Amino acid sequence: MKQYIKISGVLICLFLSLNTIAQDRIKQIETQLKSMTTEVPGLEENVQMSVSGVSIQEFMRGIADAHKLNISVDPTIKQDIVNNFANATVSDVLLFVCKEYSLKINFIGTIMSIVKYEVPKPVIIKIPKKELAISYNKAKDELTLDLKNDSLDAVVKMITQKSKKNVVMASGVSPKMVSVYLENMSFENALEKLGIANDLNIIKSEDGTYLIEKNSVAVNNTKGNTKNNNNNRNRNNRNQNQNNTTGGEVAYEAKSFSDISVTGTDIEIDQIIKDIAEEIGVDYYFVSEINDKATVNVTSTSFTNLLDNMFQGTDLTYEYKNGVYIIGERKTEGLRITKVIQLQHRSVETVNEHIPADIKQDVDVKEFLDLNSLILSGSAIRIEEIEQFIKQIDKVVPVILIEVMIVDYTNSRTNSVGIEAGLGTEPATTSGTVFPEPNVSLSSSSINNLIESFNGYGILNLGKVTPNSYLNINALETQGILRVKSTPKLATLNGHEATMTIGNTEYYVEETSILTTNTATTNTTNRRFQSVNADLSVTIKPIVSGNDQITLEISVSQSDFTARIEPGAPPGQVSRDFTSFIRVKDQEMILLGGLEEKPISESGRGVPFLSRIPVIKWLFSSRNRAKSKSKLNIFIKPTVIY
């Protein structure tokens, strides 16, 4: 009867496990569909459709055509659909079909591939066969036993084989599990303690054979009042087990699986588990040696809570499988599991770095980028703790759209006024412009005509100039306004930098001369073009807070070319940089400016002394005056999108 109950329990657990897996599958599909609604709005549209006996391929083709979706259905699926859908979203219809007809959806970008759902087969862990820890010293006739819930049949057989002394069991003793630890004890004394620890009587016959039989007191109690026997055992456990094999002082009362009270200091964990498990009728199995001790003080707790409390801070763990508690170290085969955890909302990269070291101790964590998943191998309890942590950080990471408008305003004005006269190598010709910019060059004949117009006034007689003489008159004013405007848009994840660079490259020649002396002297000149960059670089790092306030770390660097010192020389450079930390609201525009330059330059040449006399100086000098104003303004508007 007990065997049938165990089988029924296994079937129920298997059914519940499969049901949980199915619910997780539907939940994963629902989460994936919700994440796609922004990119595929057709998933949120309503369905108005009534079908009867239509294949699932035709049904899905109709939905895909009506709502602009990419849906592929496995042709091997033989399923007709009879349903009436009204005012249901496409996502709800897909979830219903997957759940109703045991299907699943594989997502590849915006393509949804509907295939058959194969129920995963349960993983069966084989419990390794345990080798009995029994040794016999023939010279000293000493026996060492380290038994933990081992079969009495196997124990008796091995003792007989090692000691060559016949040990037999009386009828009705088998099957029975025994536990005891004895080290280097005389053979007869060891058998006696084995019997006492496991409620057995061991009798030595005259021919040297040892007979193992049930304890007569236990038999009488079994045939008599069982309830009184249990009460006596609980009473003995509460009052007389302070000096038993559990190590330190301990008292416990095990009324049922969910009502256990234990009080003890420095008690052996394995022994208290054995005592309580046998008391309440729980099957257990130790897969590794347990030498840990614990101090316990719990009242009216369950068996599993007791294990959880005692195993805190140790390398021990347990797993409940097929009605048996498997207990041992976390790294032991059978208690170590492997699990794949897929992240739904963020990239798996760098997640491993953020998992606290104390909770991933003794757990092997690998990144699997292809599935955006973590592969965990180790203790089930530690893996569950890591999984809970990952669920807390696996949130939707905000995406920030940053609109940047750059306005570079430049206003320049140049004045050039003067008269220049001299002798050329050959006769000049009269030429030039008068309007809008006066710039006239007079030949010698034009100059002489101009001089003759002044001669005859009083005593004024200027004479004539030589044929190669010339006279240049110029009065020029130039003005320019330059506005450079660019409006790039950048997007980045929360806490990550977005960088924009606009640059210009100029080149100059670098010459190297190499003098080689052999039979003759050779001079080799190498010419190489070198580049110089002038850039406008903007780097923005946004951080979104809980109330949609956005903190921006902004760095702006601008460099530009200036005039070359001489032809072929590298161009000069001027740069402007600033860094700013600000906090703004979502979709609020800010202005960063103030990078302004106002260069003014004046130069002139003329006749000494005469070029400094007011009014007259314009006849005896040439002057240039340049003035410019440059200002850089940057407008930034961040917008949080998901």
Side-chain angles (χ1 to χ4, degrees), residues 11-124 338-348 368-375 391 394 396-397 399 641-642:
L11 293 176
I12 292 173
C13 291
L14 181 61
F15 174 76
L16 293 176
S17 176
L18 294 177
N19 189 34
T20 302
I21 293 174
Q23 292 178 355
D24 291 341
R25 171 176 63 88
I26 299 301
K27 188 65 176 178
Q28 290 179 357
I29 296 175
E30 182 180 7
T31 302
Q32 189 67 29
L33 290 174
K34 286 183 178 179
S35 65
M36 291 176 59
T37 53
T38 302
E39 190 174 358
V40 186
L43 292 172
E44 291 296 311
E45 296 177 1
N46 290 335
V47 176
Q48 303 287 342
M49 186 178 294
S50 178
V51 294
S52 177
V54 176
S55 67
I56 188 171
Q57 288 83 3
E58 293 297 329
F59 177 73
M60 287 301 171
R61 186 180 297 112
I63 290 181
D65 291 340
H67 302 281
K68 308 299 181 184
L69 303 177
N70 298 320
I71 300 178
S72 172
V73 182
D74 187 356
T76 61
I77 300 176
K78 305 299 181 183
Q79 182 65 57
D80 293 336
I81 297 181
V82 180
N83 278 109
N84 181 25
F85 299 103
N87 295 326
T89 64
V90 175
S91 296
D92 293 338
V93 172
L94 292 176
L95 286 174
F96 172 79
V97 171
C98 290
K99 184 176 181 181
E100 187 72 13
Y101 302 109
S102 297
L103 304 175
K104 71 175 183 178
I105 303 177
N106 294 328
F107 296 90
I108 305 173
T110 59
I111 300 175
M112 292 170 281
S113 176
I114 300 177
V115 297
K116 293 180 180 179
Y117 173 67
E118 300 293 339
V119 179
K121 296 181 180 180
V123 179
I124 300 175
T338 300
K339 191 169 187 178
V340 178
I341 301 176
Q342 186 177 38
L343 278 71
Q344 302 296 326
H345 304 293
R346 60 171 300 156
S347 171
V348 73
F368 190 47
L369 296 180
D370 293 350
L371 293 179
N372 196 41
S373 303
L374 289 177
I375 302 177
K391 287 182 179 179
D394 187 18
V396 176
V397 180
V399 177
I641 59 177
Y642 287 90

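Residue numbers count from 1 along this sequence. The model shown is predicted, which means the values in this text are computed figures rather than measured ones.
Expressed to the nearest 0.5 Å, how far NZ of Lys391 lies from NE2 of His345 amounts to 11.5 Å. In this structure, CD on Glu44 lies 5.0 Å from OG on Ser91, to the nearest 0.5 angstrom. Note that SG of Cys98 is 11.5 Å distant from CD of Glu30, once rounded to the nearest 0.5 Å. Distance CD1/Ile81 to CZ/Phe59: 5.0 Å, rounded to 0.5 Å. The distance from the CE atom of Met60 to the CG atom of Asp65 is 13.0 Å, given to the nearest 0.5 Å. The line from CG of Leu374 to CD1 of Ile341 is 6.5 Å long, rounded to the nearest 0.5 Å.
The nearest pair of heavy atoms linking Thr76 to Asp74 is OG1-OD2, 2.8 Å. For the residue pair Val93 and Ala88, the shortest heavy atom distance occurs at CG2-CB, 4.2 Å.
Using a 4.5 Å cut-off on side-chain heavy atoms (C-beta onward), Leu103 and Ile56 make contact. Residues Met112 and Leu94 form a side-chain contact, since some pair of their non-hydrogen atoms from C-beta on lies under 4.5 Å apart. Looking at heavy atoms from C-beta onward, Asp394 lies in side-chain contact with Arg346 at the 4.5 angstrom threshold. Annotation: side chain of Val115 is in contact with side chain of Lys104 (closest heavy-atom distance under 4.5 Å). No side-chain heavy atom of Tyr101 sits less than 4.5 Å from a side-chain heavy atom of Ile77. Using a 4.5 Å heavy-atom threshold, the side chains of Val73 and Arg61 count as separate. Ile114 is listed as a side-chain neighbour of Ile71, based on a closest heavy-atom distance under 4.5 Å. The side-chain heavy atoms of Leu69 and Val40, taken from C-beta on, include a pair separated by under 4.5 Å.
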| query | side-chain contact (heavy atoms from CB on, under 4.5 Å) between Ile29 and Lys99: does it pass, once the steps are laid out? | reply | CA-CA 10 Å; Ile29 296 175; Lys99 184 176 181 181; over 6 Å; no
| task | Go through the steps for Phe107 and Leu33 under the test side-chain contact (heavy atoms from CB on, under 4.5 Å), then give the verdict. | result | CA-CA 9 Å; Phe107 296 90; Leu33 290 174; 3.8 Å; yes
| Residues Val90, Ile63; criterion side-chain contact (heavy atoms from CB on, under 4.5 Å); working and verdict | CA-CA 8 Å; Val90 175; Ile63 290 181; 4.0 Å; yes
| task | Might you work through the side-chain contact (heavy atoms from CB on, under 4.5 Å) test for Gln32 and Ile105, ending with a clear yes or no? | result | CA-CA 10 Å; Gln32 189 67 29; Ile105 303 177; over 6 Å; no
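No donor-acceptor pair closer than 3.5 Å links the side chain of Glu45 to the backbone N or O of Thr89. A donor-acceptor pair under 3.5 Å is absent between the side-chain atoms of Ser373 and the main chain of Val340, judged by distance alone.
Shown here is Glu39, whose CD atom has no more than 12 heavy atoms of other residues, nucleotides or ligands within 6.0 Å.
For the ring-ring contact (aromatic ring centres under 6.0 Å, His included) test, residues two or more places apart in sequence or in another chain that qualify with Phe96 are Phe85.
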